[in-house]
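All values below come from the heavy atoms of this structure, side chains included, with hydrogens, waters and symmetry mates left out.
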Amino acid sequence: MRTCNRFFVFPGLVLAVPALAVELPPVPLERVQVQAAKVHAVDDFDLPASSTTLALDTDGNGRGAQVSEVLGAVPGLLARDRQNYAQDTQLSLRGFGARSTFGVRGVRLLVDGVPATMPDGQGQLSHFNVFGADRVEVLRGPFSALYGNSSGGVLQLWSAEGQQGDPWRLRSSHGSNNSSSTGVQLKGLAGAMHYNVAANHFRTDGWREHSAARRESVNARLGFDLAAGQRLELLFNGFDAPHAQDPLGLSREQVRENPRQATAVATQYNTRKSVRQTQLGTVYSAEHDQQTWRLMGYAGRRAVEQFLAIPPGPQNSPLHSGGVIDLDSDYGGVDARWALHGQLAGKPLELVVGANADRQQQHRTGYENFIGDTLGIKGRLRRDQQDRVQNIDQFAQAWWQFSPRWSALLGARHSDVQFRSRDRYITATNPDDSGRRDYSATTPVAGLVFRASDDLRLYASAGRGFETPTFNELGYRADGGAGLALDLPAATTRNYEIGGKWRAQSGARLELALFRADSDDELAVATNSGGRSSYRSLGATRRQGAELSWQQPIAADQQLQLAYTWLQASVRAAYLTCTGLPSPCTQPSKRVAAGTRLPGVPRQQLFARWQWQPGPWQWAAEVVAASDIGVNDLGSANAAGYGVLNLELARQWATAYGPLRAFARVDNLLDQPYIGSVIVNDGNQRYYEPGPDRGFTVGLQWQCAR
């Protein structure tokens, strides 16, 4: 085989009732190993929770520009494509995070073990480089509380570790709306260094008007084997997305008229967003005498500049912070943990104890978005404040297989989160808005697993979680007054789950989970007008439902994959809201009745994929469907449900320098009109972000053997 070095120019759960009646021999389970950056120390199959690992297809087949494109097979997870690269993917798990209009809320995000969620709970998906990733892990339910300030779950993206002989990859694709993506991945072993470096360039004119974007990202993972049992990893991530255009949401009438249009004020004010982020991390681990130590540290900087469509009139208010957001953030943290692989009373025991501290300092400034009669440019300063949020957490967890059939997993985490804000823009009409607020909580979790057979597990778990407000949610008071909304409480959640997992030697897998999450003091939008969103506690909510995941090989060259979610998310106690009333609204007067559906959450969603791979060919068909979703607290409007069909075709050829693969993909084959995502409680009632019509992607990938 020739090498490419000199040519490479780019640097229903099956509850087996009869099996339950058969006495199993006392065969001990295999020893469970500590996962490098997981809090839990248990294999997913023996974990008393819903956990899904998606191996990312290195062939790509036209997917992977956004992480939302690869998450459809996870039940309980909703990742909505906004067709708007100025705004992050809308991500929710079991309904948590569905209300967020900026970034990701209620879901903990990590990349190679490094947090992508800040201490206040605000996360970003934009720098997730899917091209060089190996897998995605998604944890739902009670045990997500062990990761800190989040309630709905945990999403982790992992890069592959380079090994001797790994091929290098070059992939390029082009699609509808003049979209193109080019990526290069260098992966392998050089001396004592395992390396995986992936860079990607993406650009598009956008399906909607005023939605062009460009993104560059690079992710590097370098691993060094030190002395016996010791390892050091260096991590780097860079992301740049300059001047991504924001078409804003549309009203129902605008969607009927032309779903591809941008709201008039979007072009009038040239609404756009620029993001640049650089991040470094290091992980040291050592194993000796059934013990593991791990120390992780990271630091980064993220700069955001966003131009909003706020008319000059509202900005004349002395308390208004302007129509341009300029936000510079420095962040970092450390995580230390110790694990013991031992025995208790002669039975296998896994113990993990650790602590972590994270800190974010941000300089937030606001400017008018006009100078004279010229709109969409940076004008006078209207806001200048220094914000700091930090957390210090301690956690412990123990897994004990106390009999051949039974095991228990117990854990707890204590979190202290501190907010500090210093106002540097003080005038005669704009008083000092400085303030501080501290939150703390202890979140216990417990789970029990019954080993019904070698291939069947039944489990139950329960726990508590909590979620603080973010600095964005603290930014404005609901009554329109001066100062931060420091009276906002942290939400608390009681999580319960029962389920089962079955697997077969053929590769078939079936998982079913029933869950309930009751939350108190959950935050919702109080007012959303004039570019200012304020929040209030809406009291008690409930999310309950079922998840089903099924993988089934068919013969030797076909596979069927299915993920289904039924979710009932509703208000448990009536409350009054300002939704739909003029801002500022100091006296909420519209009543949201108990039982009203929470907005942004579909009752049902389905993902199904059939794949056939005869010889060098590969065919695949996908169905993605969701029921209707509400768009405001009152439940007075909604976006209709939809179902779309996607097709894939690929062929691979062997060459002297490695395999060459051509691929094509058609999204929304039947050209169905649908709403891809919604902006919950939009003050202008422009709730809707339409999904794209039929689209095409074609591309080539070369894996060069070395």
Side-chain angles (χ1 to χ4, degrees), residues 1-11 36-37 55-67 69-70 111-114 126-136 156-174 180-203 214-226 231-241 277-283 298 300 650 652-663 699-706:
M1 175 70 72
R2 300 182 186 179
T3 65
C4 66
N5 294 2
R6 56 179 175 163
F7 298 97
F8 207 100
V9 296
F10 292 88
L56 297 182
D57 183 5
T58 56
D59 297 328
N61 292 355
R63 296 175 297 167
Q66 293 192 97
V67 69
E69 298 171 356
V70 299
V111 180
D112 289 329
V114 175
S126 55
H127 67 288
F128 276 41
N129 189 327
V130 180
F131 177 65
D134 174 63
R135 67 191 187 278
V136 175
Q156 300 194 68
L157 183 76
W158 291 97
S159 304
E161 179 183 289
Q163 300 292 341
Q164 183 68 44
D166 280 343
W168 291 358
R169 287 196 298 158
L170 175 64
R171 186 169 75 199
S172 182
S173 64
H174 189 82
S180 64
S181 178
T182 302
V184 59
Q185 182 185 29
L186 312 180
K187 186 173 65 167
L189 179 65
M193 181 179 72
H194 303 261
Y195 65 90
N196 180 359
V197 181
N200 193 75
H201 169 85
F202 170 79
R203 68 169 304 278
R214 176 170 63 88
R215 290 183 167 189
E216 280 93 28
S217 63
V218 61
N219 193 79
R221 178 182 178 182
L222 309 178
F224 301 87
D225 295 321
L226 305 177
R231 182 176 177 81
L232 178 67
E233 287 195 342
L234 302 179
L235 308 169
F236 172 78
N237 181 275
F239 177 77
D240 186 29
Q277 177 170 304
T278 304
Q279 181 174 281
L280 294 169
T282 181
V283 180
Y298 71 98
Q652 186 165 295
W653 295 268
T655 75
Y657 303 105
L660 177 67
R661 183 182 183 86
F663 55 85
L700 289 171
Q701 175 171 280
W702 176 38
Q703 291 193 120
C704 52
R706 300 180 298 111

Do [X] and [Y] have side chains that approach each other closer than 4.5 Å (heavy atoms only, starting at C-beta)?
X: S172; Y: T182; value: yes
X: F131; Y: S217; value: no
X: Y195; Y: L186; value: yes
X: F236; Y: T278; value: yes
X: V136; Y: W158; value: no

Between [atom1] on residue [X] and [atom2] on residue [Y], distance to nearest 0.5 Å:
X: E216; Y: R203; atom1: CD; atom2: CZ; result: 10.5 Å
X: L660; Y: Q652; atom1: CG; atom2: CD; result: 8.0 Å
X: F202; Y: R215; atom1: CZ; atom2: CZ; result: 7.5 Å
X: W168; Y: C704; atom1: CH2; atom2: SG; result: 7.0 Å

Those residues that, when tested against [X], pass side-chain hydrogen bond (donor to acceptor under 3.5 Å, both in side chains) (two or more places apart):
X: Q279; result: Y331
X: H174; result: none
X: D134; result: none
X: N237; result: N219

Can you name the closest pair of heavy atoms from [X] and [Y] and give their distance?
X: W702; Y: P659; value: CD1-O, 3.5 Å
X: A198; Y: G132; value: CB-CA, 3.5 Å
X: D112; Y: S159; value: OD1-N, 2.7 Å
X: A133; Y: L157; value: CB-CD1, 3.6 Å
X: N200; Y: G183; value: OD1-CA, 3.5 Å
X: Q703; Y: P167; value: OE1-CG, 4.0 Å

Worksheet item: Could you go step by step and tell me if H201 and R214 meet the side chain to side chain contact (heavy atoms under 4.5 Å, CB included) rule?
Response: CA-CA 8 Å; H201 169 85; R214 176 170 63 88; 3.8 Å; yes
Worksheet item: Does L226 have any side-chain contact (heavy atoms from CB on, under 4.5 Å) partners at least two apart in sequence or in another chain, and if so, which?
Response: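 With sequence neighbours excluded, L226 shows a side-chain contact (heavy atoms from CB on, under 4.5 Å) to F224, Q230, L232, Y284, given in chain and number order.
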Worksheet item: Looking at residues at least two apart in the chain, or sitting in another chain, which of them share a side-chain contact (heavy atoms from CB on, under 4.5 Å) with E161?
Response: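 Listed in chain order: Q163, H194, R221, R231, E233.
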Worksheet item: Within the side chain of D166, is there an N or O that forms a donor-acceptor pair under 3.5 Å with the backbone of K187?
Response: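 Not a single qualifying donor-acceptor pair exists.
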